[in-house]
Amino acid sequence: GGARLEFVMALILMAALCCYGYSLGGGMMASLLRSRASLRLFDLISGLILSAVALTMAAGLVAQ
């Protein structure tokens, strides 16, 4: 019984922290991305990261 209670309490705590963390992180990102130049830089960096991940996954599939 005690382990179940601990699990449920940890699950509730994790859900609450994630919800507040998402809103806090979103607010911080919104303040950083107010100007057009910073938004373009963010788009460029995220595009490069996603392209690198796609190439890495494609190379892994070809190597198999």
Side-chain angles (χ1 to χ4, degrees):
R4 285 185 184 171
L5 180 63
E6 287 179 14
F7 175 76
V8 170
M9 293 303 292
L11 188 62
I12 291 170
L13 180 65
M14 180 195 65
L17 287 175
C18 283
C19 287
Y20 287 117
Y22 282 137
S23 63
L24 179 66
M28 290 170 58
M29 288 301 293
S31 67
L32 288 175
L33 299 177
R34 293 213 189 271
S35 71
R36 186 174 296 268
S38 60
L39 187 58
R40 281 191 182 170
L41 182 65
F42 177 77
D43 283 342
L44 177 68
I45 291 171
S46 63
L48 289 173
I49 291 171
L50 288 173
S51 297
V53 169
L55 287 173
T56 304
M57 291 175 68
L61 287 173
V62 170
Q64 288 181 359

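In this chain, residues are counted from 1 in sequence order. None of these values were measured; they are calculated from a predicted model.
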May I have all residue pairs that pass side chain to side chain donor-acceptor pair (under 3.5 Å) and include part of residues 38-51, sequence neighbours excluded? Ser35-Ser38

Kindly write out the residues that satisfy side chain to side chain contact (heavy atoms under 4.5 Å, CB included) with Met9, not counting sequence neighbours, or none if the list is empty. Leu5

Spacing of OH belonging to Tyr22 relative to CE belonging to Met29, to within rounding of 0.5 Å: 14.0 Å

Could you tell me the separation between the CG atom of Leu50 and the CD1 atom of Ile45, rounded to the nearest 0.5 Å? 12.0 Å

Would you give the length of the straight line joining atom CG of Leu41 to atom CG of Leu33, rounded to the nearest 0.5 angstrom? 9.0 Å

Cluster question for you: counting only ILVMFWY and a side-chain heavy-atom cut-off of under 4.5 Å, with indirect links fine, are Leu32 and Phe42 together? yes

If two hydrophobic side chains count as joined below 4.5 Å and joins carry through other members, does Tyr20 share a cluster with Ile12? no

